[in-house]
Amino acid sequence: MKSRRVPRKKPRSATELEKFLVSTREQETSVKNRQGKVDVEVTSDYGRAIFSSSIRRLQQKAQVFPLEDNAAVRSRLTHSLEVAYLGRTIAQKIVSGLRGARTLSPAGASAFVTLVETSCLVHDIGNPPFGHFGENEIRKWCSKHWEKVVGKCKPTDSLVMKRLGQDFSGFDGNPQGFRILTRLAWARDKHGMNLTHATLCAAQKYCGTPDKVASRAPLLKKPGWFFSEDTIASAARVACGVREMRRHPAVFVMESADDIAYCLSDIEDGFEKGVYDVRLFRRNFKRLLERELGKASIKLTEARLAKDRLVDVLSLLDSRDPHPVSAPFFKFKVWLTRVLVESAAEGFVVHYDKIVAQDMEAPILESNPVAHAVLEGLKAFAREYLFCSPEAEQMELAGAAAIRGILDAMNPLLELAPAVFQALNGGRFKIDDLRLDAPPRQNANEPENPDKRTENHAKRSALEQRLARLLPEKHVLAYGETTRAIARQYPEIQHDSVEQYGRVHLIIDYLSGMTDGFALALYQRLSGTHAGLGRA
C-alpha cells in the first residue's frame, strides 16, 4: 500500500508591513540560534532599553513641573511608560484590524507590537534637564560658542564647520536620544545599546540631519539625528528599506501615543498641582474646542468621535460628583483616551497602503478631523493655562540659569587648544589616530619640542584638569568614536577642527545626561554657592 504524500505548505510571503521588521544590528547578536527571529530580537531591544541607566534617569527629569516633590505628578519616566502602554494598545488594535493579505504572521504581529512599545519607551530618552526650556538654553549658548570655533578654523574648514555646527545651534532631544541609543549607552562597546535596525528606525520621529530641517514639512520640523550619527542612521534605514525623508511605519503609532498621553496627562497634572479647577477647564476647553472644530467646518453638536457623540462626553465635565474635584476630568480622560486610541488604530488601518508605500506624512490622528480638533484644543488649553503657570515657569527659570552656569563653567575646556585638551589627565582624551597641532611657542622659554610644549601647557591648566575629571568615562569613549566618525566622513577638514566638534558634543553629552536635580546641584557647586553634590 502506497503512503499518501502530504502536500507541503507554501511558505507564507511577508506582508508589506513585515518587510520593515528586520532583525539585523550594527553588531550581530552573540546569542546562538537567535539570528533572524525578529520577534525575539525586538523583545531583546525592549529589555536593553528598560534596563538602561538613561531610562532610569528619566524619573528625575521633568515632564511639566521641574524638581517636583509630589510623586503623583508625572516625570519623564512615568510619561514614557504611559506612552509605551498606549502605543502597545494601538499596535494590538492595528494587528487585529488588518485583514486578508495584510494579516501579519504571529512572529510579525508580536514584533510590530513590541517594536512600537520600545520606540514609545525611548522617545524622550534624549531630553536634557528642564526639557524644552533646557534645549533652548543649550541652543543659544552653543550658537555663540560655535561662532568662535569657526572663527579660529582654517578658512578651508569654515564652510564644513558651519554645517556641522548645526548639531549645536539646532540641538534637540530627538537626535540626542538617537545618540544615546547608538553611542552613549556604551554598555560594552562603541555600539551603544546595539539595537536592531528596525528599532533604530522606529525611534526616528524626524527624518534627517539638522541641515534638512524645514518648519513646514511634518517629517522635518526637527532633526532626527546629528551629523555624528548620520552613517549609523543611514545604515539602519537602508536595512529596513526606509526611503530618504520618510518614516518607518511604527513611528506613526509612537507619535499618536505620545500626543494622546501628553495632551491629557499634562492637564491632569495641573489639577494635581492646583493650577486650575474643573470649572475653568470645562469653560475654556469647550471654547478652544469649538474654535478648532470651526477650522474644520464642524459644529460641536455635529461632532462625532468613534461611535459616540463627542458632545455627550463633554457632559461628563458637568458632573456634580461629590468625590475629588478632578473626578469629572478623570472620567472624561478615560473615555477620551479610549476613543483616541481607537481613532489612531483606525487611521493606521485606513491609510495602511499609503503608510507602507511611505507616502504618508501627516499624523494618523489627523485623518479624523474631530480627533485632531480635540487634540489641538487640549494643546491650546495647556499652552494658555498650564505651561505658563508660575509653578512651571519659576522652576524653568532656575533651570535655565543652571544650564547657562554649567556651560559657562565648562567653557575653559572648550577654549583649550586640541592637543592640550588631549594631554589633560595623563592623556585620558587622546585619540591616537588623530594628528593634532601642538600649541605654538609663546616665547623663547617655551620648549622647542612640540610634545613637551603641549605637556607643559596641560600641566599649567589646573582648573581645566579638575573640570575634565568630571566627565564620565563612557562619554569620553564616545567622544573618541564621534571624532573618528567625522574624520572619516569629512577627510578634507583639519584634525584640529574635527576634534573641536567632538569636544563640544562631549560637553553637551555630559550636560544632557543630567537629571534636573543634579544639574541644579552641580551649578551651585561650580558657582561656589553650595558644596554638596548628589548623584546624576
Side-chain angles (χ1 to χ4, degrees), residues 16-17 19-20 83 86-87 89-91 93-95 97-98 102 112 115-116 119-120 123-124 132 172-175 201-209 212-225 233 237 240-264 288-289 291-298 303-306 310 336-337 339-383:
E16 290 300 311
L17 181 55
K19 292 176 183 178
F20 292 93
V83 175
L86 292 174
T89 304
I90 296 169
K93 289 181 178 295
I94 290 169
V95 168
L98 295 174
R102 298 175 176 178
F112 179 67
L115 179 67
V116 168
S119 69
C120 290
H123 82 285
D124 271 349
H132 297 307
D172 185 82
N174 288 285
C201 286
Q204 295 171 358
K205 186 175 181 181
Y206 301 102
C207 303
T209 46
K212 303 291 196 306
V213 171
S215 59
R216 298 195 176 187
L219 309 187
L220 295 169
K221 287 192 293 185
K222 296 180 180 181
W225 55 88
R237 293 168 75 81
C240 292
V242 179
R243 300 202 312 268
E244 189 175 358
M245 308 297 180
R246 288 294 180 261
R247 276 179 171 174
H248 189 287
V251 181
F252 289 96
V253 187
M254 177 261 280
E255 179 180 52
S256 297
D258 186 28
D259 280 348
I260 296 168
Y262 88 77
C263 280
L264 286 162
L288 295 167
L289 176 59
R291 184 187 72 184
E292 295 299 328
L293 289 169
K295 293 178 183 178
S297 301
I298 302 171
R304 287 183 177 274
L305 193 62
L310 175 61
L336 193 55
T337 297
V339 294
L340 287 173
V341 163
E342 291 173 356
S343 294
E346 181 182 347
F348 189 99
V349 173
V350 168
H351 294 285
Y352 176 88
D353 292 334
K354 198 173 180 180
I355 290 170
V356 296
Q358 299 178 62
D359 293 330
M360 187 82 168
E361 291 193 7
I364 51 179
L365 279 169
E366 284 191 13
S367 61
N368 183 325
V370 178
H372 179 61
V374 168
L375 288 174
E376 291 302 307
L378 290 168
K379 291 176 185 178
F381 179 86
R383 285 193 299 270

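What you see is a predicted model, and the numbers here were worked out from it, not measured in a lab.
A donor-acceptor distance shorter than 3.5 angstrom exists from the side chain of Arg237 to the backbone of Arg243, with no hydrogens or angles considered.
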Intermediate values then yes/no, side chain to side chain contact (heavy atoms under 4.5 Å, CB included), Lys379 and Leu288: CA-CA 9 Å; Lys379 291 176 185 178; Leu288 295 167; over 6 Å; no
Side chain to side chain contact (heavy atoms under 4.5 Å, CB included) assessment of Ile355 paired with Leu17: CA-CA 9 Å; Ile355 290 170; Leu17 181 55; over 6 Å; no
Intermediate values then yes/no, side chain to side chain contact (heavy atoms under 4.5 Å, CB included), Leu86 and Cys120: CA-CA 9 Å; Leu86 292 174; Cys120 290; over 6 Å; no
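With contacts defined as side-chain heavy-atom distances shorter than 4.5 Å, the pair Asp353/Glu16 does not qualify. Taking 4.5 Å as the limit, every side-chain heavy atom of Val83 sits out of range of all side-chain heavy atoms of Asp124.
For residues 354-365, the pairs satisfying side chain to side chain donor-acceptor pair (under 3.5 Å) are Arg246-Glu361, with sequence neighbours left out.
The salt bridge (Lys or Arg N to Asp or Glu O under 4.0 Å) check on Lys295 picks up Glu292, with sequence neighbours excluded. Judged as a side chain to side chain contact (heavy atoms under 4.5 Å, CB included), and not counting sequence neighbours, the contacts of Ala203 are Val122, Leu181. The side chain to side chain contact (heavy atoms under 4.5 Å, CB included) check on Ala303 picks up Leu293, Ile298, Leu310, Val370, with sequence neighbours excluded. When the side chain to side chain contact (heavy atoms under 4.5 Å, CB included) test is applied to Glu342, the partners found at least two apart in sequence or on another chain are Lys93, Ala306, Arg338, Val339. Among residues two or more places apart in sequence or in another chain, the salt bridge (Lys or Arg N to Asp or Glu O under 4.0 Å) test is passed with Glu346 by none. Residues satisfying the ring pair (Phe, Tyr, Trp, His ring centres under 6.0 Å) test with Tyr352, not counting sequence neighbours, are none. Not counting sequence neighbours, the partners of Phe20 by the ring pair (Phe, Tyr, Trp, His ring centres under 6.0 Å) test are His248. For the side chain to side chain contact (heavy atoms under 4.5 Å, CB included) test, residues two or more places apart in sequence or in another chain that qualify with Ala233 are Phe178, Gln204, Trp225. By the side-chain hydrogen bond (donor to acceptor under 3.5 Å, both in side chains) test, Lys212 pairs with no residue at all, sequence neighbours left out. For Glu366, the salt bridge (Lys or Arg N to Asp or Glu O under 4.0 Å) test picks out no residue, with sequence neighbours left out.
Here the CD1 atom belonging to Ile364 is positioned 5.5 Å from the CD1 atom belonging to Ile94, to the nearest 0.5 angstrom. A distance of 5.5 Å separates CG in Leu375 from CG in Leu365, rounded to the nearest 0.5 Å.
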Donor-acceptor pairs under 3.5 angstrom involving side-chain atoms of residues 249-262: please list them, not counting sequence neighbours.
unit_1	atom_1	unit_2	atom_2	d
Glu255	OE1	Arg247	NH1	3.0
Glu255	OE2	Arg247	NH2	3.1
Ser256	OG	Phe252	O	3.1
Asp258	OD1	His79	NE2	3.1
Asp258	OD1	His123	NE2	3.2

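Leu305 and Ser343 make their closest contact through CD1-OG, 3.9 Å (heavy atoms, listed as atom of the first residue, atom of the second, distance). Across all their heavy atoms, Leu340 and Ala371 have their closest contact at CD2-CB, 3.8 Å. Between Asn174 and Lys222, the shortest heavy-atom distance links the atoms ND2-CD, 3.9 Å. Across every non-hydrogen atom of Ala91 and Phe112, the tightest pair is CB-CE2, 4.0 Å.
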